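See below for the structure under consideration.
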Number of protein chains: 2
Amino acid sequence: MVRGRRDAAPVLWHRKHDHRRCFEDALARAVSLCRRCGARLTAIRRRVLEVVWQGHRPLGAYEILETLRAERAGVAPPTVYRALDFLLGHGLVHRIESLNAFVGCSDPGSSHGGQFLICRTCGTAAELNDRRIALAIEGCSSESGFHVHHATIEVSGLCPNCQQSDAKVANA
Amino acid sequence: MVRGRRDAAPVLWHRKHDHRRCFEDALARAVSLCRRCGARLTAIRRRVLEVVWQGHRPLGAYEILETLRAERAGVAPPTVYRALDFLLGHGLVHRIESLNAFVGCSDPGSSHGGQFLICRTCGTAAELNDRRIALAIEGCSSESGFHVHHATIEVSGLCPNCQQSDAKVANA
DNA sequence: CACGAATTGATATGTTATAACATTGCTCAT
DNA sequence: ATGAGCAATGTTATAACATATCAATTCGTG
């Protein structure tokens, strides 16, 4: 449970990153993952996944809804929530509890709780998946006799870019 | 930031625990803490704190509201939310993001993010405050150049009691 | 093609949280 | 004492997030 796989996370802010590329990769992985397990990545589900990925920050369900409504009439909240449930169930997106928002999973296919660094200035969220954190939590929990099912880890703070911006403002 | 102070957490489930006593202690600490920093622990705020502590599991704002309404007429949501904001601001309660609920802080006065073990069967939440977890998160974050402000850590699973109950059911 | 199951549409409603402004009541300088 | 200033609370309305329910449609399969 709560298996971390990478120690060095490919954090969003480390380098300029090709948004289109990362999004297309995610979509391709989703398609192949669904094909393998016989799940139906229908048009709506696929579109919701695209919208979530293109936002590249956690999006609220009603933000997604607005985007869909601009494309086709008559989309209602249940449509979005059902698509999100599907995507959550297949590990293609994560829910950010502290924001009531959703974000694409950067490592679908591997079973893992999400670990997120969320910038409270620019709103971007980087998915971390660090074994040390998972192990620390698993360790403490089992010392208390607690059996872990899922760990929600959401760290709020300042991303590197926004720290710089802050400094500039302070110096001005 | 996110300083853990104890390594061995006094987890709720370790022993039978005197509910009245723990609640009275919490209230006494709150009173003295507010006196020291000049904050006004008014009747409403105090009552909300009592209700939250007596629940001894995370309570939703509207659950608290119902309790208050049974005692005095005309209490509305803002009343509860304002009291909760005050209590959150002074570190007397924590918000559980994954439940949209509130729980008394077992260690007010020390600055700390909350770490919670939440049983998905009985609903109780035990506050942990483990340095190892805090350090792991601080470490990973700073490796990514991220400056931590607040860490939300909410672990869902089975408490010792409910693991036993499950086993009994399975054997029956 | 017809069947059953999964998906989506449509409407209504439940749940959580805050905005906005009026009122009360306390403190403190005069 | 007294009233200006401010913090707290009351009151109403509404925003934001989420789900229940049932009808209609679509899709894969025999």
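A note on names: the letters A, B, ... follow the listed sequences, proteins ahead of strands, and every chain is numbered from 1. Scope of the values below: all heavy atoms of this structure, side chains included, with no hydrogens, waters or symmetry mates. All values reported here derive from a predicted model rather than from experimental measurement.
- For B:Cys22, the side chain to side chain contact (heavy atoms under 4.5 Å, CB included) criterion is met by B:His17, B:Trp53, B:His56, not counting sequence neighbours.
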Quick one: side chains of residues 39-47 of chain B, donor-acceptor pairs under 3.5 Å with protein atoms, not counting sequence neighbours, listed by atom name and distance.
from	atom 1	to	atom 2	distance (Å)
B:Arg45	NH1	B:Arg40	O	2.7
B:Arg46	NE	B:Glu50	OE2	3.4
B:Arg47	NE	B:Glu71	OE1	3.0
B:Arg47	NE	B:Glu71	OE2	3.2
B:Arg47	NH1	B:Glu50	OE1	2.7
B:Arg47	NH2	B:Glu71	OE2	2.5

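- Pairs engaging residues 21-31 of chain B under the side chain to side chain donor-acceptor pair (under 3.5 Å) rule: B:Arg21-B:Asp25 [sequence neighbours left out].
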Exercise for review: Give the B/S/- string for nucleotides 6-20 of chain C, one per nucleotide from 5' to 3', where a protein heavy atom under 4.0 Å of the base yields B, of only the sugar-phosphate yields S, and otherwise -.
Suggested key: SSBBBB----BBBBB

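- Sequence neighbours left out, the pairs with a member in residues 83-99 of chain A that pass side chain to side chain donor-acceptor pair (under 3.5 Å) are A:His94-A:His112, A:His94-A:Glu127, A:Arg95-A:Glu97, A:Arg95-A:Asn100, A:Ser98-A:Glu154.
- In this structure, A:Ile96 places its CD1 atom 12 Å from P of D:dA18, rounding to the nearest Å.
- Listed by chain and number, the residues in a side-chain hydrogen bond (donor to acceptor under 3.5 Å, both in side chains) with A:Gln163 amount to none (sequence neighbours excluded).
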